[in-house]
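Heads up: the structure comes next, in structure tokens.
Whatever order the structure lists them in is the order used to number ligands and atoms, beginning at 1. In what follows, residues are counted from 1 in the order of the sequence shown. Below, all heavy atoms of this structure are taken into account, side chains as well, without hydrogens, waters or symmetry copies.
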Amino acid sequence: MDMRCGDRRQDENPVAVREFELCEACEIVGSCRQGIDDLRRQADGTVRGEIVVPSAVAGRAVAHGGWTAWVFDELLGYTANSLRGFSVTAELAVKYRRPVPLGARVVLTASGRMDGERRRLMRGEMRCVDTGGLLASAEGVWIELADADAHYARATARPQKTSL
Ligand SMILES: CCCCCCCC(=O)SCCNC(=O)CCNC(=O)[C@H](O)C(C)(C)COP(=O)(O)OP(=O)(O)OC[C@H]1O[C@@H](n2cnc3c(N)ncnc32)[C@H](O)[C@@H]1OP(=O)(O)O
């Protein structure tokens, strides 16, 4: 299969992702800072969105792997938090199948399920919009915070004698 993505540069005016709660910094600007747009839940329960790969994320001619991981962290995080209360990333594993072309529009899909009281098992894919070819996939674990206020208060407190 030809794995090239169409070179569709459509990065202007991304659609705000309002169907899902965004991370704090993205909520301030009103849309996903990575550029994930048109994120919607499908009839089968999966979540689908799209993103144009910004030229600024070039590693060497194609997208940097860290950018791809960040996109999955956002995508799976939005999806995990749509299942129930607020959760954070505990594990994220990315498989890089093909180089992700700069300027290409790619399709993102995500799904997940509860596993016990606080754990959500999440998975996602990034595919070419034109060919449907798989560029990358990810699996991760999100953990619901027992007390989000206490979690962030601890994390942002001035370091004293750490127990780590
Ligand atoms: C909508 C907005 C989306 C975006 C929001 C932003 C999200 C983020 O960027 S999060 C930032 C990156 N992530 C972090 O900073 C998390 C750092 N890690 C932590 O704070 C902790 O390790 C945390 C909260 C994940 C778990 O700590 P804690 O609550 O003490 O867990 P603990 O009580 O030991 O375990 C709770 C449950 O989770 C499970 N668990 C904990 N860690 C893991 C893991 N890595 N993998 C699998 N399961 C785990 C435990 O087994 C336990 O399960 P069970 O209840 O079935 O026994």
Nearest protein heavy atom under 4.0 Å from atom 15 (O) of ligand 1, yes or no: no

Working for side-chain contact (heavy atoms from CB on, under 4.5 Å), residues L134 and R127: CA-CA 5 Å; L134 183 63; R127 291 180 179 271; 3.8 Å; yes

contact_flag G116 ligand 1 heavy-atom lt 4.0 Å: no

Protein heavy atom under 4.0 Å of atom 1 (C) of ligand 1: yes

Protein residue, atom and distance nearest to atom 40 (N) of ligand 1, heavy-atom basis: I143 CD1, 3.4 Å

Beyond-backbone contact of Y78 with V47, side-chain heavy atoms, under 4.5 angstrom: no

Protein contact for atom 38 (O) of ligand 1 (heavy atom, distance under 4.0 Å): yes

Any protein heavy atom nearer than 4.0 Å to atom 27 (O) of ligand 1: no

Side chain to side chain, R123 and E139, heavy atoms closer than 4.5 Å: yes

Sub-4.0 Å protein heavy atom near atom 21 (C) of ligand 1: no

Atom 11 (C) of ligand 1 touched by protein heavy atom at under 4.0 Å: no

Sub-4.5 Å side-chain heavy-atom contact between T79 and W142: no

Main-chain N/O of A69 paired to D73 side chain as donor or acceptor, under 3.5 Å: no

Short N or O distance, R118 and ligand 1, threshold 3.5 Å exclusive: yes

Heavy atom of protein closer than 4.0 angstrom to atom 57 (O) of ligand 1: no

Residue, atom name and distance, where the atom is the protein heavy atom closest to atom 19 (C) of ligand 1: H151 CE1, 4.2 Å

Polar proximity ligand 1 side, Y78 side, N/O cut 3.5 Å exclusive: no

Taking atom 18 (N) of ligand 1 as the reference point, the nearest protein heavy atom with its distance: T89 O, 4.8 Å

Ligand-side contact atoms (ligand 1) for residue partner L22, heavy atom cut-off under 4.0 Å: 1 (C), 2 (C)

Option set D115, V141, L145, N81, criterion heavy-atom distance to atom 47 (C) of ligand 1, minimum: V141

Any donor-acceptor pair under 3.5 Å from E27 side chain to L22 backbone: yes

Protein non-hydrogen atom found under 4.0 Å from atom 53 (O) of ligand 1: yes

Heavy-atom side-chain proximity of C26 to Q34 below 4.5 angstrom: no

Ion pair D37/R105, N-O distance below 4.0 Å: yes

Distance from atom 51 (O) of ligand 1 to nearest protein heavy atom, with residue and atom: R119 NH1, 3.2 Å

Connected hydrophobic set around L145, excluding itself, where side chains approach under 4.5 Å: F86, V88, Y152

Nearest neighbour in protein (non-hydrogen) for atom 4 (C) of ligand 1: C23 CB, 3.6 Å

For V71 against I36, the heavy-atom pair lying closest together: O-CD1, 4.0 Å

side-chain hydrogen bond (donor to acceptor under 3.5 Å, both in side chains) against E144, all qualifying residues, sequence neighbours excluded: R84, R120

Contact partition for E74 relative to ligand 1, non-hydrogen atoms under 4.0 Å: neither

Residue E91 vicinity, atoms of ligand 1 by number, heavy atom under 4.0 Å: 44 (C), 45 (N), 46 (N), 47 (C)

Verdict with supporting geometry, R33 and W70, side-chain contact (heavy atoms from CB on, under 4.5 Å): CA-CA 11 Å; R33 289 165 303 144; W70 188 337; 4.3 Å; yes

Location of contacts on E24 toward ligand 1, heavy atoms closer than 4.0 Å: neither

Sub-3.5 Å N/O-N/O distance, S87 and ligand 1: no

Flag side-chain contact, heavy atom, 4.5 Å: F72 against M126: yes

